[in-house]
Amino acid sequence: MKLTLPDGDELEVEEGKRVIDIAYDIGPGLGDATVGATLDGELLDLRDEVVEEGEFKIITLDSPQAVEIIRHTASHVLAQAVKSLYDDVKLAIGPAIEDGFYYDFDLPETLSEEDFDEIRDEMRKIVEEEYEIERFALDPGKAREHLLEQDEEYKLELVEEFVSEGEEEVTFYRQDGFTDLCEGPHLRNTGQLEHFELLDVAGAYWRGDENNVMLQRVYGTAFAEEKELQEYIERQEEAKERDHRKLGPELDLFTFHPEVGPGLVYWHPKGTEMLNVIKDFWRSKHREDGYEFVSTPHIGKSDLWKKSGHLDYFREDMFPPMRESNQEYFLKPMNCPFHVQIYQSRTRSYRDLPLRWAELGTVYRHERSGVLHGLLRARGFTQDDAHIIATPDQVKEEVTGVLNLTFDILSAFGFEDYQIALSTKPEKSVGDEVKWDKATEALKEAIVDLDLDYDVEEGEGAFYGPKIDVHLEDALGRLWQTTTVQFDFNLPERFDMTYMGSDGQEHRPYMIHRALLGTLERFFGILVEHYKGAFPVWLSPLQAVVLPVTEDNNEYAEEVAGKIAESGIRVEARTDVDENLSRQIHEAQLEKIPYMLVVGDREEESGEVSLRLRTEEDLGPRPLDEFIDFAKEKIRDKALI
RNA sequence: GCCGGCGUAGCUCAGCGGUAGAGCGGCUGAUUCGUAAUCAGUUAGUCGGUGGUUCGAAUCCACUCGCCGGCUCCA
């Protein structure tokens, strides 16, 4: 059997030889350093037997793929430590995850972060002992026996599942006296786990199902190098500093008032200014793209929500109704049924289609209390909503139009990296197969036409139609869901929407529901975190501030600010404070105002302003008109600064 | 909704059974100053809410509201 090595050489090995033995054949040094391998990109344990040919690559501690193995072993070391420190510990699962690892435990004692020092010390001991990690396989009967003996009820449940899936044996890993049912891969020796940290303890349902018992999950992370671990911790701190829930109130953009109602946003003047800039831009882009705007009420009678299906499928996410006469009114959790009313207000012809109706519609949803998260998950929010009602022939072009508009708008805000997911028909769905196929095809073709990468999420569509979701990547590489483009086969049926075709027959239109920014609130929150509050000039609530050197320059400062304001730039003269220049600059810096204009006697004499940027660059004096042109150009180009 | 942690001045936090504290901020005054915090004085709170234990509760207990981190759900 032949394996292709990374340098292109072919290595002749006997079938069934273990990864580690192959590594020693290549070289003893390599053998000592081996923690696993990949075969055609697939991760292998160092104890695995290689039975197929392919591209073979040994993983050592400094390989990028090693981190997954390191973390998996870290979770076992954690489990061993917890088991040795506490009584009656039952193990659930303990995988490596994107940023680290966790282990879920069931134990009578409640763990808290105060216990981390002790657990960490115990883990260190296990690492220092350099226990050899061994693997062994058992048939289901022996495995059950072994787990029963250890009273590991959760692991037993897992074994039953593996057996029902047809597994004939299950693997265990052992280090010191500790054994765990586990697929691996793992390091060779606990001593190879050097750089780890415990991060958090939280509740987690067994198997992720809220009907099951809640376990205690300990989160941690581990890296091959201490430096990487430190960088990770710094990145977490950086994320904390960018938190929109902290920056929003600090920059006087918005606040929450939980005593009045959790999850409801209060927009301050500066936040509202910014919001208006976003809305104006959004409206002009939509107008250019042939959208019309509609406005609809905030409440509607229960009959409407019954007919739309919301009371059957969405009721627990809706605020309880208010009563008027013998009627119940509900706050709208979505705009769609209202847009359908407008459609139904007269008969529609194929000549009218496509209709593109947009509304910055504020909706209210009674989100479960534990899920609220500042602007990113609120109970009242404004969707940048639109419904496109089209004939079957128009569907593909409409989707393409939506995607083009999406990326046009998102890139204007400085987002260039996206992840796109196409979600297809789930098991439970409405609408016939033909429609699903056509709509899914339209979505896919639109993505392909634009030459975009995407993932298919099979069966993840809504019950009423397939969809495209866009996640955008921010400055820290985090992903946020914003855009969604969804077909809806439910509402046209329920409301019996029709249009008169050229054949004189009534036809059912396609309905596309789309939100590009997602919601203004969430998008705003993402902007705050992405820019850390230092917004591009066109978005900054205050674009320039005029700072007099002494009180004698106040009059000139006001004059300068007046002229700048006339050109449409948002500006303020700081003439009502008695502070020295350094102090004023300090404060303007904290407010993250893009342009600081220093005016003293020198500037007053020459009719100039001295320009300092919030990036701390001092660009020196220039005529006022020159600054105005400079700023207008930056605003027009949507430049950062 | 569930698990855990936490609610003290506008903000950040100390105090953890014996008369509520600091720094920043705010206010007042002095200073008139050239690119990230001038100096001085002063103002600060039903210690989230309700009930209980106690001679006495910010501190201990119960309930409740809210926030934070997860889980589940989601724009």
Side-chain angles (χ1 to χ4, degrees), chain A residues 102 104 106 110-115 199-219 236 240 243 245-246 249-250 252 255-263 314 316-317 333-334 361 363 365-385 462 467 469-471 480-484 486 513-523 525-526 547-554 578-591 596-603 610-614 616-621:
Chain A
Y102 65 80
D104 285 348
D106 185 358
T110 300
L111 297 175
S112 81
E113 286 185 40
E114 284 163 27
D115 304 315
L199 301 172
D200 221 340
V201 54
Y205 299 109
W206 165 236
R207 320 211 82 180
D209 185 335
E210 60 183 321
N211 299 311
N212 288 342
V213 292
M214 183 149 289
L215 307 166
Q216 301 189 58
R217 175 172 296 179
V218 176
Y219 281 97
Q236 296 301 104
K240 222 169 162 182
D243 195 322
R245 293 166 304 179
K246 172 174 158 303
E250 248 173 52
D252 203 13
T255 46
F256 285 89
H257 298 269
E259 65 282 9
V260 186
F314 209 71
E316 61 189 44
D317 294 300
M334 294 183 193
V363 298
R365 296 185 189 171
H366 190 266
E367 301 287 347
R368 293 159 106 186
S369 62
V371 306
L372 298 177
H373 188 91
L375 295 178
L376 301 181
R377 195 78 183 271
R379 280 185 173 160
F381 52 90
T382 304
Q383 295 182 309
D384 68 316
D385 207 1
K467 63 171 182 174
D469 289 325
V470 178
H471 296 256
W480 307 92
Q481 201 204 321
T482 52
T483 312
T484 187
Q486 311 187 344
H513 172 108
R514 39 118 292 183
L516 306 189
L517 304 176
T519 76
L520 293 181
E521 286 75 6
R522 177 175 285 183
F523 192 73
I526 297 169
L547 311 175
V549 174
T550 77
E551 263 173 18
D552 297 339
N553 310 115
N554 277 359
D578 172 22
E579 284 165 349
N580 64 37
L581 183 61
S582 291
R583 180 73 182 198
Q584 294 189 66
I585 286 174
H586 170 72
E587 285 172 5
Q589 258 335 122
L590 293 181
E591 291 174 65
M596 294 163 225
L597 302 170
V598 174
V599 293
D601 291 342
R602 296 203 291 267
E603 287 77 9
S610 282
L611 175 60
R612 177 192 162 104
L613 307 180
R614 78 179 157 212
E616 297 184 38
E617 272 172 277
D618 182 355
L619 300 184

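All figures in this text were calculated on a predicted structure; none of them were measured in a lab. Order of the sequence lines sets the chain letters (A, B, ...), proteins ahead of strands, with each chain counted from 1.
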Colleague: Mind checking salt bridge (Lys or Arg N to Asp or Glu O under 4.0 Å) for A:D252 and listing every partner two or more places apart, or none if nothing turns up?
Modeller: none
Colleague: Evaluate the criterion salt bridge (Lys or Arg N to Asp or Glu O under 4.0 Å) for residue pair A:D243 and A:R245; output intermediate values, then yes/no.
Modeller: CA-CA 5 Å; A:D243 195 322; A:R245 293 166 304 179; 2.5 Å; yes
Colleague: My understanding is that only residues two or more places apart in sequence, or in another chain, count here; which of them pass side-chain hydrogen bond (donor to acceptor under 3.5 Å, both in side chains) with A:R612?
Modeller: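 Only A:Q589 meet the side-chain hydrogen bond (donor to acceptor under 3.5 Å, both in side chains) criterion with A:R612.
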Colleague: In the structure shown, which nucleotide is the Watson-Crick or G-U wobble counterpart of B:rA36, with both distances under 3.5 Å?
Modeller: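 Its partner is none (no Watson-Crick or G-U wobble pair with both distances under 3.5 Å).
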Colleague: Nearest whole angstrom, please: distance from the P of B:rC24 to the NE2 of A:H586.
Modeller: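 Going from NE2 in A:H586 over to P in B:rC24 covers 12 Å.
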Colleague: On a whole-Å scale, what distance lies between the C1' atoms belonging to B:rG18 and B:rU59?
Modeller: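 The same atom, C1', in both gives a distance of 11 Å.
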Colleague: Do A:T483 and A:L516 have side chains that approach each other closer than 4.5 Å (heavy atoms only, starting at C-beta)?
Modeller: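 Answer yes - side chains close enough.
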Colleague: With both distances kept under 3.5 Å, what pairs with B:rG10, Watson-Crick or G-U wobble?
Modeller: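 Because both required distances fall under 3.5 Å, B:rG10 counts as paired with B:rC24.
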Colleague: Taking the side chain from A:E521 and the backbone from A:T382, do they hold a donor-acceptor pair closer than 3.5 Å?
Modeller: yes
Colleague: Using modelled atom types only, decide if a donor and an acceptor are shared between the side chain of A:R522 and the backbone of A:L376 within a distance under 3.5 Å.
Modeller: yes
Colleague: Hey, does A:P333 have a side-chain heavy atom less than 4.5 Å from the side chain of A:H366?
Modeller: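 Side-chain contact under 4.5 Å: no.
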Colleague: Under 3.5 Å, which protein N or O atoms sit close to an N or O of nucleotides 39-47 of chain B? Give each pair with its distance.
Modeller:
none

Colleague: Taking the C1' atom in each of B:rG34 and B:rU46, what is the distance between them to the nearest angstrom?
Modeller: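 Going atom to atom, C1' in each nucleotide, I get 49 Å.
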Colleague: What one-letter contact string describes nucleotides 69-75 of chain B from 5' to 3', where B marks a base within less than 4.0 Å of any protein heavy atom, S marks contact via sugar-phosphate atoms alone, and - marks no contact?
Modeller: BBBBBBB
Colleague: Can you tell me the pairing partner of B:rC16 across any strand shown, Watson-Crick or G-U wobble, with both distances under 3.5 angstrom?
Modeller: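 Checking every strand shown, B:rC16 finds no partner, since no pair has both distances under 3.5 Å.
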Colleague: With a non-hydrogen cut-off below 4.0 angstrom, is A:E616 in contact with a base, only sugar-phosphate, or nothing?
Modeller: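 Answer is base: heavy atoms of A:E616 come under 4.0 Å of a base.
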Colleague: With side chains defined as the heavy atoms from C-beta onward, is the minimum distance between A:D601 and A:V549 less than 4.5 Å?
Modeller: no
Colleague: For atom C1', what is the distance between B:rA44 and B:rG1, given to the nearest Å?
Modeller: 40 Å
Colleague: If the C1' atom of B:rG56 is compared with that of B:rA20, how far apart are they to the nearest Å?
Modeller: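 My reading of the C1' atoms in B:rG56 and B:rA20 gives 15 Å.
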Colleague: Picking from B:rA36, B:rG34, B:rC33, which would you name as closest to the side chain of A:T550?
Modeller: B:rC33
Colleague: Determine the interatomic distance between P on B:rG17 and the same-named atom on B:rC3; round to the nearest Å.
Modeller: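 So the two P atoms sit 29 Å from each other.
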Colleague: Using the side-chain heavy atoms of A:P262, tell me which of these nucleotides is nearest: B:rU35, B:rG66, B:rU32.
Modeller: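 For the A:P262 side chain, the nearest candidate turns out to be B:rG66.
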Colleague: Got a sec, which residues hit salt bridge (Lys or Arg N to Asp or Glu O under 4.0 Å) with A:R368, two or more places apart in sequence or on another chain?
Modeller: A:E210
Colleague: Under a 3.5 Å limit for both distances, which nucleotide forms a Watson-Crick or G-U wobble pair with B:rC63, could you say?
Modeller: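 Across any shown strand, B:rC63 pairs with B:rG49.
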Colleague: Considering every strand shown, what is the Watson-Crick or G-U wobble mate of B:rG69 when both distances are under 3.5 Å?
Modeller: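 Pair assignment: B:rG69 / B:rC3.
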Colleague: For A:D552 and for A:L611, find the nucleotide of RNA chain B with the closest heavy atom, then tell me which residue's nucleotide is more 5'.
Modeller: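 Per heavy-atom nearest nucleotide, the more 5' residue is A:D552.
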Colleague: Which pairs, protein N/O on one side and nucleotides 5-11 of chain B N/O on the other, fall under 3.5 Å?
Modeller:
none

Colleague: Could you state the atom-to-atom distance from CD of A:E579 to C1' of B:rU35 in whole Å?
Modeller: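 Taking atom C1' of B:rU35 as the reference, CD of A:E579 is at 14 Å.
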Colleague: For a quick check of understanding: with a heavy-atom distance under 4.0 Å over all strands, which category does A:Q236 fall into, base, sugar-phosphate or nothing?
Modeller: nothing
